[in-house]
Amino acid sequence: MRNLFNLEQMIDMKTLILIPARYASTRYPGKPLVDIAGKSLLKRVWERCVPVLGKEKVYIATDDQRIIDHCEEHGMQWVMTPDTCLTGTDRLAAAAEKLEADLYINVQGDEPMIHPDDIKKVIDLAEKTPGEVLNAYCAIETEQDYSSRTVPKVVFRPDGRLLYMSRAPIPGTKTADFVRANKQVCIYAFPPQALRDYASKEQKTPLEELEDIEILRFLELGYEVRMVPVSGSSIAVDTPEDVERVLKALEA
């Protein structure tokens, strides 16, 4: 069990929110700048983060000049990262080398409906449990999400520590029926050392590579990941079809 606890971190902890934004997404190229009812996906995520810590503590971590230009146009702070980052968490680790903090909150740039209270809930618990890696989750409400290969499902111990995460429908039954399950919500909390350990790997770990779920690298490195329950307001945009889901939610 990896837990880098330091009591001094509980005092005057400096926390930053970082939003990794990659233009050349393999599943949805240009996704951060896609228009959603008059605002870019990235700006909508940024607007959800600003009420939590203030805009001076929110940064976009990117490798693309088009995203930087967009940030400049809309008054969003940014930090340039290499275009060789394997994952959003690797991009966060690269940004952390330039932005000193005691705690880094990763809010994925494809979560335009994320609720500020959910971000704050993760931060509050992270500040009480320094040295731990945290990830949010919520209940799956539909069989469609349970069966979807774009939705990471999570299973964890009774005390909230992650056992496994998969794009497959887990936990499963003998009859393959949807009974109950939980899905990942892409709000993470990382202490600096955990990010350094994560980025020290020059390639993805085996399960991370197989599942295409970056949080699995922490499990494979021997870290515990504590799951944090949040609301079900989040809708991750992985495909153009997901944009339509967001538009319907905004209309509602």
Side-chain angles (χ1 to χ4, degrees), residues 1-22 49 53 57-63 79-111 119 122-137 152 154-157 159-167 184-228:
M1 175 179 177
R2 302 290 296 274
N3 182 18
L4 308 170
F5 182 79
N6 181 351
L7 188 60
E8 293 178 356
Q9 287 181 307
M10 297 181 67
I11 304 171
D12 297 327
M13 179 176 282
K14 181 181 179 182
T15 302
L16 296 177
I17 295 175
L18 304 183
I19 305 170
R22 177 170 171 254
C49 295
L53 294 179
K57 292 186 177 181
V58 180
Y59 288 83
I60 310 298
T62 187
D63 62 357
V79 58
M80 180 64 98
T81 58
D83 60 5
T84 54
C85 295
L86 297 174
T87 67
T89 304
D90 289 294
R91 192 170 309 285
L92 212 76
E97 293 180 2
K98 301 179 180 181
L99 301 170
E100 184 177 352
D102 302 303
L103 177 66
Y104 297 93
I105 303 300
N106 179 348
V107 178
Q108 292 290 77
D110 58 6
E111 297 269 2
I119 302 171
V122 172
I123 292 174
D124 287 346
L125 181 57
E127 290 180 343
K128 294 174 183 175
T129 56
E132 293 194 4
V133 176
L134 273 62
N135 190 185
Y137 77 93
V154 302
V155 290
F156 45 85
R157 299 181 179 99
D159 65 2
R161 288 179 294 165
L162 180 64
L163 286 170
Y164 194 61
M165 193 177 297
S166 178
R167 296 185 185 276
Q184 179 191 48
V185 176
C186 290
I187 311 170
Y188 311 91
F190 302 129
Q193 186 59 53
L195 281 177
R196 288 191 287 269
D197 289 345
Y198 188 97
S200 69
K201 304 295 291 184
E202 296 182 355
Q203 59 187 18
K204 294 182 178 181
T205 50
L207 290 174
E208 175 197 8
E209 177 75 34
L210 185 65
E211 293 272 12
D212 191 23
I213 298 176
E214 60 200 79
I215 202 72
L216 290 175
R217 192 186 307 179
F218 284 109
L219 292 186
E220 293 181 90
L221 290 175
Y223 276 87
E224 298 279 8
V225 177
R226 186 179 299 276
M227 302 305 297
V228 185

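Quick caveat, the model's predicted, so the values are computed rather than measured.
Less than 6.0 angstrom separates the ring centroid of Phe156 from the ring centroid of Tyr137.
At a threshold of 4.5 Å between non-hydrogen side-chain atoms, the residues Leu195 and Thr89 count as touching. Side-chain contact between Met165 and Ile215: present, with at least one pair of heavy atoms (C-beta onward) separated by less than 4.5 Å. Between Glu127 and Leu103, some side-chain heavy-atom pair lies under the 4.5 Å cut-off. Looking at heavy atoms from C-beta onward, Leu53 lies in side-chain contact with Thr15 at the 4.5 angstrom threshold. For the pair Thr62 and Arg22, the minimum side-chain heavy-atom distance is 4.5 Å or more. Contact annotation: the side chain of Ile17 never approaches that of Tyr59 to less than 4.5 Å [non-hydrogen atoms, C-beta and beyond]. Side-chain contact check for Pro20 versus Asn106: some heavy-atom pair is nearer than 4.5 Å.
Counted by atom type alone, Tyr188 and Glu214 present zero donor-acceptor pairs between their side chains at under 3.5 Å. No hydrogens or angles considered: nothing links the side chains of Arg217 and Thr205 as a donor-acceptor pair under 3.5 Å.
Checking Leu18, Ile119, Val122 one by one against Val107, the side-chain contact (heavy atoms from CB on, under 4.5 Å) holds for a single residue, Ile119. Among Leu134, Ile123, Leu92, the single residue meeting the side-chain contact (heavy atoms from CB on, under 4.5 Å) criterion with Ile105 is Ile123.
Atoms CD and CG, on Glu202 and Leu86 in that order, are 9.5 Å from each other to the nearest 0.5 Å. The structure places CG of Leu219 at 11.5 Å from CZ of Arg161, a figure rounded to the nearest 0.5 Å. Separation of atoms CE (Met13) and NZ (Lys128) is listed at 12.5 Å; rounding is to 0.5 Å. In this structure, CZ in Phe190 is found 13.5 Å from CD in Glu132, a value given to the nearest 0.5 Å. Here CD1 of Ile60 is found 7.5 Å from SG of Cys49. Values are rounded to the nearest 0.5 Å.
Nearest heavy atom pair, residue Arg226 against residue Leu125, reads CD-CD2, 3.9 Å. Closest approach of Ala101 and Pro192 over heavy atoms only: O-CG, 3.3 Å. Of all heavy-atom pairs between Leu207 and Glu220, the closest is N-OE1, 3.0 Å. Across all non-hydrogen atoms, the minimal contact from Met80 to Lys98 is O-NZ, 2.7 Å. Nearest heavy atoms, Ala94 versus Pro82: CB-CD, 3.8 Å. The two residues Gln108 and Cys186 have their closest heavy-atom pair at CG-CB, 3.0 Å.
With salt bridges taken as basic N to acidic carboxylate O contacts below 4.0 Å, one links Glu224 and Arg157. Ion pairing of Asp90 with Lys201 is absent here, as no side-chain N (NZ or NE/NH1/NH2) approaches a carboxylate O to less than 4.0 Å. Salt bridge status for Asp63 with Arg91: present, with a side-chain N to carboxylate O gap under 4.0 Å.
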Stepwise, does the side chain to side chain contact (heavy atoms under 4.5 Å, CB included) test hold for Val79 with Leu99? CA-CA 9 Å; Val79 58; Leu99 301 170; 4.1 Å; yes
Run the side chain to side chain contact (heavy atoms under 4.5 Å, CB included) test on Asp212 and Lys204 for me, step by step, so that the C-alpha distance in whole Å, both residues' side-chain angles and the decisive distance to 0.1 Å come before the verdict. CA-CA 9 Å; Asp212 191 23; Lys204 294 182 178 181; 3.7 Å; yes
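Lys57 pairs by the salt bridge (charged side-chain N to carboxylate O under 4.0 Å, His left out) definition with nothing, not counting sequence neighbours. Under the salt bridge (charged side-chain N to carboxylate O under 4.0 Å, His left out) criterion, Arg196 pairs with no residue, sequence neighbours left out.
Of the possible polar contacts, one joining the Glu211 side chain to the Arg167 backbone as a donor-acceptor pair under 3.5 Å is found. Side-chain atoms of Asp102 never come within 3.5 Å of backbone atoms of Pro191 as a donor-acceptor pair (strictly under, hydrogens ignored).
Between Tyr223 and Phe218, the two ring planes are perpendicular [angle over 60°; tilted spans 30° to 60°].
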